[in-house]
Amino acid sequence: MMRRTALVSTLAIAVLAVSPSPAQARTLSQGSCGPDVFALQVRLYNRSYLPKNYHPGCFDYRTTQAVMAFQGWVGFTRDGIAGSLTQARLKISVTPKPWTGTRTFRHIEIHKAKQIMILVGSEGRVQRTIHVSTAAPGHVTPTGHWKVYSKSLMSWSNLFHVWLPYASYVVGGVAMHSYPDVPGYPASHGCIRIGAPEAPWVYAWAPIGTPVWIA
């Protein structure tokens with residue numbers, strides 16, 4: 001009888017060892033839906049990665065891009081998947097800080113190393129942090145202090161023979177614009193690619209003359 005009891009106890013311990021903890025967060029990715037996705041989206045918009053009150057409760061492309069922006073800011077792999085580590089880090093995170101610190105003027109910052117765009121309001125508060133994709137190896141997104149000098153809702157690239165929706169040009173032929181593919185790594189010919197859900201908002205936010213700092 002004692003031997004049987006010991007065997008049952010051993011099996012119970014083994015089951016507990018392989019069973020996931022009830023408190024362990026499930027991995028969230030595109031297509032996931034539920035209260036945990038809703039909570040993730042609330043945290044993302046509270047920290048500027050999604051528009052305010054954007055919480056459909058299902059993990060869509062916009063949420064994927066927002067997770068990539070957060071991952072870029074904190075130095076994680078930009079895969080757009082909210083695993084347990086990403087979720088735990090987001091819970092203790094704060095809104096990104098601009099290069100300009102407490103200086104108050106409306107501008108955009110492009111952080112190439114982090115592959116993010118930070119939109120800073122005239123009061124110095126970060127209004128949005130958005131994932132972008134800058135120049136791939138062999139191409140250049142110029143570093144410097146620039147300004148939006150031209151805008152076009154649908155610009156044609158003579159060099160690359162492609163339409164650039166919601167294009168805001170900052171230096172030469174380099175523009176911030178919508179693009180269907182904004183991966184977690186630098187992939188453009190020099191422009192700053194923005195995901196389609198965010199591009200119209202950025203275009204409207206940054207009139208001609210808006211400073212754009214790239215580094």
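Starting from 1, each residue takes its place in the sequence as its number.
Formation of a donor-acceptor pair under 3.5 Å by the Thr210 side chain with backbone atoms of Pro207 is found in this model. In this structure a side-chain-to-backbone donor-acceptor pair under 3.5 Å is present from Arg193 to Asp181. Using modelled atom types, one side-chain atom of Gln87 and one backbone atom of Ala82 make a donor-acceptor pair closer than 3.5 Å. One N or O on the side chain of Thr141 and one on the backbone of Gly190 form a donor-acceptor pair closer than 3.5 Å. No donor-acceptor pair under 3.5 Å is formed between the side chain of Ser168 and the backbone N or O of Tyr203. With hydrogens and angles ignored, the 3.5 Å screen pairs no side-chain donor or acceptor of Arg125 with any backbone N or O of Val120.
Taking OH of Tyr49 as the start and OG1 of Thr63 as the end, the distance is 14.5 Å to the nearest 0.5 Å. Note: Glu109 CD to Ile116 CD1 = 8.5 Å, rounded to the nearest 0.5 Å.
Ring orientation note: the planes of Phe38 and His55 are tilted relative to one another, at an angle of 30° to 60°.
Ile110 and Trp99 end up in different hydrophobic clusters when Ile, Leu, Val, Met, Phe, Trp and Tyr side chains are linked at under 4.5 Å. Val67 and Leu50 fall within the same hydrophobic cluster, defined by Ile, Leu, Val, Met, Phe, Trp and Tyr side-chain heavy atoms under 4.5 Å apart, directly or through other members. Cluster annotation: Tyr149 and Leu164 are assigned to the same hydrophobic cluster (Ile/Leu/Val/Met/Phe/Trp/Tyr, side-chain heavy-atom contacts under 4.5 Å, transitive). The hydrophobic clustering, which links ILVMFWY residues whose side-chain heavy atoms are closer than 4.5 Å, places Val170 and Val132 together. One hydrophobic cluster, built from ILVMFWY side chains closer than 4.5 Å, holds both Val74 and Leu44.
You'll find the side chain of Ile81 reaches within 4.5 Å of the side chain of Thr27, heavy atoms only. For the pair Leu153 and Pro165, the minimum side-chain heavy-atom distance is 4.5 Å or more. In this structure, the side chains of Ile118 and Gln127 stay at 4.5 Å or more apart for every pair of heavy atoms. Looking at Arg62 and Pro51, their side chains come closer than 4.5 Å, going by heavy atoms from C-beta outward. Leu40 has its side chain within reach of Leu28: a pair of non-hydrogen atoms, C-beta onward, lies under 4.5 Å apart. Inter-residue side-chain proximity for Val212 and His107 is flagged as unmet; no heavy-atom pair is nearer than 4.5 Å.
Under a cutoff of 6.0 Å and an axis angle of 45°, Arg89 and Trp73 do not form a cation-pi pair. In this structure, Lys151 is not positioned above the aromatic face of Tyr169 in the sense of NZ or CZ being under 6.0 Å from the six-membered ring centre and within 45° of the axis. A cation-pi arrangement, defined by a distance under 6.0 Å to the six-membered ring centre and an angle within 45 degrees of its axis, is absent between Arg128 and Trp205.
Between Glu123 and Arg106 there is no salt bridge, since no side-chain nitrogen of the basic residue lies less than 4.0 Å from a carboxylate oxygen of the acidic one.
For the residue pair Ser93 / Arg47, a side-chain donor-acceptor distance below 3.5 Å is found, with atom types taken as modelled. Checking Thr129 against Ser48 by side-chain atom types alone, a donor-acceptor pair falls below 3.5 Å. Using modelled atom types, one finds a donor on one side chain and an acceptor on the other under 3.5 Å when comparing Thr134 with Gln115. In this structure, a donor-acceptor pair under 3.5 Å is present between the side chains of Asp79 and Gln71.
The two residues Pro200 and Ala196 come nearest to each other via the heavy atoms CD-O, 3.2 Å. Scanning both residues, Val182 and Met68, for their nearest heavy atoms gives O-CE, 3.9 Å. Considering every non-hydrogen atom in both Gln41 and Gly57, the closest pair reads OE1-N, 2.9 Å. Heavy-atom minimum distance, Ala215 versus Thr143: CA-CG2, 3.9 Å. Heavy-atom minimum distance, Pro98 versus Gly124: CG-O, 4.3 Å. Residues Ala187 and Ser133 share a closest heavy-atom pair of N-OG, 2.9 Å.
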Next item on the list: Test side chain to side chain contact (heavy atoms under 4.5 Å, CB included) on Gln30 and Asp60 and set out the steps.
Entry: CA-CA 5 Å; Gln30 202 155 336; Asp60 54 8; 5.6 Å; no
Margin query: Could you walk me through whether Gln65 and Glu198 satisfy the side chain to side chain contact (heavy atoms under 4.5 Å, CB included) test, starting with their C-alpha distance in whole Å, then the side-chain angles of each, then the deciding distance to 0.1 Å, before giving a yes or no?
Written below: CA-CA 9 Å; Gln65 290 284 301; Glu198 308 297 353; 5.8 Å; no
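Close placement of the Phe105 and Trp213 rings is indicated, their centers lying within 6.0 Å of each other. Aromatic ring centres of Tyr45 and Tyr54: separated by at least 6.0 Å.
Just one of His131, Met117, His177 meets the side chain to side chain contact (heavy atoms under 4.5 Å, CB included) condition when paired with Ile194; it is Met117.
The number of heavy atoms from other shown groups lying within 6.0 Å of OH (Tyr166) does not exceed 12.
The disulfide (SG to SG under 2.5 Å) pairs that include a residue from residues 107-201 number zero, where partners must be two or more places apart or lie in different chains.
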